[in-house]
Amino acid sequence: MVASLSLPRILRVGRGAAEELGAVVAGLGLRRPLLVTDAFLAGTGAAERLLGILRGSGLHPALFDGTVPDPTTDSLAPGLEALREHGADSVIGFGGGSPMDTAKALALLGVQGGGMRDYKAPHVNLGPALPVIAVPTTAGSGSEATQVTVITDSATDEKMMCLGPAFLPIAAVVDMELTLSMPPRLTADTGVDALTHAVEAYVSRKSGPFTDGLALTAIATIGRHLRRAYADGSDAGAREAMMLAATQAGIAFSNSSVALVHGMSRPIGAHFHVAHGLSNAMLFPAVTAFSVHAAPERYADCARALGAATATDSAASASDKLVDALHTLCRDLDVPTPRSYGIDHAAWTGLTPLMAEQALASGSPANNPAVPTAAQIEELYARVYA
């Protein structure tokens, strides 16, 4: 079997890597990048710092700071206007998953036009698109290394997963210093998001030897460092380890796939405006418990990498320990349930059939070791709520 693998052409990883952004962009022969970020990073001066680095390399950048959490089709319109007004030849996604997803969508729409619904899965988007350079500020989404973007349809509240090489950044600049200001809640949610990416990449029906090594390494690193980063945001060693693990997990799932957790997570984010990493964390233990019987050896490997089991544990025992470890991790990180988060029970129950339908339509549940029915997904949503 031949594996088809896609990675950024250039990866600059390490403390201080952001200082090399201008050289990376110039080295690609680009001159007019649009820096796509959010109002927070613009307000802290972080965006202006990157603009200064770009100008210092003789480039002519412009700023768009209008990205929103969980970007929507409506939120892309002003970004497209900024792209065209600047005559941009490239797009830099600067921030967490939302600015990077926005940058990827703008890069494609700016060349091909149309709407994002034209590009949703299962359609595979080959391009053309403007080059994307990704600069993450959270250790979680892994979007800097994936050929995926997720955009919510403003008309239907459907979170659309869009796939293909057109969305793969040509370069990624991964600098742990950009994560030092992350608050504990964001550290926890993005960290569990990265762990979910790594576990799902490993147990996915599309996994392979290349992705397996990256996934297990990421799982082990997150197991050793996530609680440290959550407890002390100034722990540079933990921050650097989490940043690397998030990128490794991103490469892994981009080249295998995510599975049931992500399929169920996207509708929660779309309908109840829960951050993606947090909705993953809400689901992760229960969905893993549902799935382990279908691939006990694979989940056992994850448990051992996480430090939840040893080589002497049987596959069944190790898999059970993984489920227990995920419950404990989410408790230690103060992950809320949908109910304690404040989501109304009647609204949750009323939308459950639609969420189950949207989860299945995304295609991700088909990659899960145990492929669920709509009724089983509805039951999982009910179990997770409480």
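Remember, predicted model here, so these are calculated numbers, not experimental data.
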S254 side chain near L7 side chain, heavy-atom distance below 4.5 Å: no

Between CG on residue L41 and OG on residue S181, distance to nearest 0.5 Å: 7.5 Å

Donor on one side chain, acceptor on other, T67 and D38, under 3.5 Å: no

Test item: D101 and S98 side chains (from C-beta on) under 4.5 Å apart, heavy atoms: no

Within residues 191-213 or reaching into it, pairs that qualify as ring-ring contact (aromatic ring centres under 6.0 Å, His included) - sequence neighbours excluded: H197-F253, H197-H262

Test item: I92 and L54 side chains (from C-beta on) under 4.5 Å apart, heavy atoms: yes

Heavy-atom side-chain proximity of I133 to I170 below 4.5 angstrom: yes

S143 side chain to K104 side chain, donor-acceptor N/O pair below 3.5 angstrom: yes

R205 CZ: over 12 foreign heavy atoms closer than 6.0 Å: yes

Worked check of side chain to side chain contact (heavy atoms under 4.5 Å, CB included) between T37 and T102: CA-CA 9 Å; T37 190; T102 299; over 6 Å; no

No-hydrogen, no-angle side-chain donor-acceptor test under 3.5 Å, T211 and N255: no

L178 and F94, any side-chain heavy atoms less than 4.5 Å apart: yes

Verdict with reasoning, R266 to S279, per side chain to side chain donor-acceptor pair (under 3.5 Å): CA-CA 8 Å; R266 295 186 197 100; S279 58; over 6 Å; no

Neighbour count >12 (heavy atoms, 6.0 Å) for atom CZ, F40: no

Parallel, tilted or perpendicular: ring planes of F290 versus H293, cut at 30 and 60 degrees: perpendicular

Qualifying residues under side chain to side chain contact (heavy atoms under 4.5 Å, CB included), relative to D320, sequence neighbours excluded: none

Candidate list Q248, M176, E177, test side chain to side chain contact (heavy atoms under 4.5 Å, CB included), partner M243, passing option: M176

Nearest-0.5 Å distance that lies between atom CG in N368 and atom CD in E200: 6.5 Å

Test applied, side chain to side chain contact (heavy atoms under 4.5 Å, CB included); reference residue, H276; option that passes from D189, D193, I268: D193

Aromatic ring pairing W348/Y381, orientation class (parallel under 30°, perpendicular over 60°, tilted between): perpendicular

R228 vs M242 side-chain heavy atoms within contact, under 4.5 Å: no

Exercise: do R32 and H86 side chains pair donor with acceptor under 3.5 Å: yes

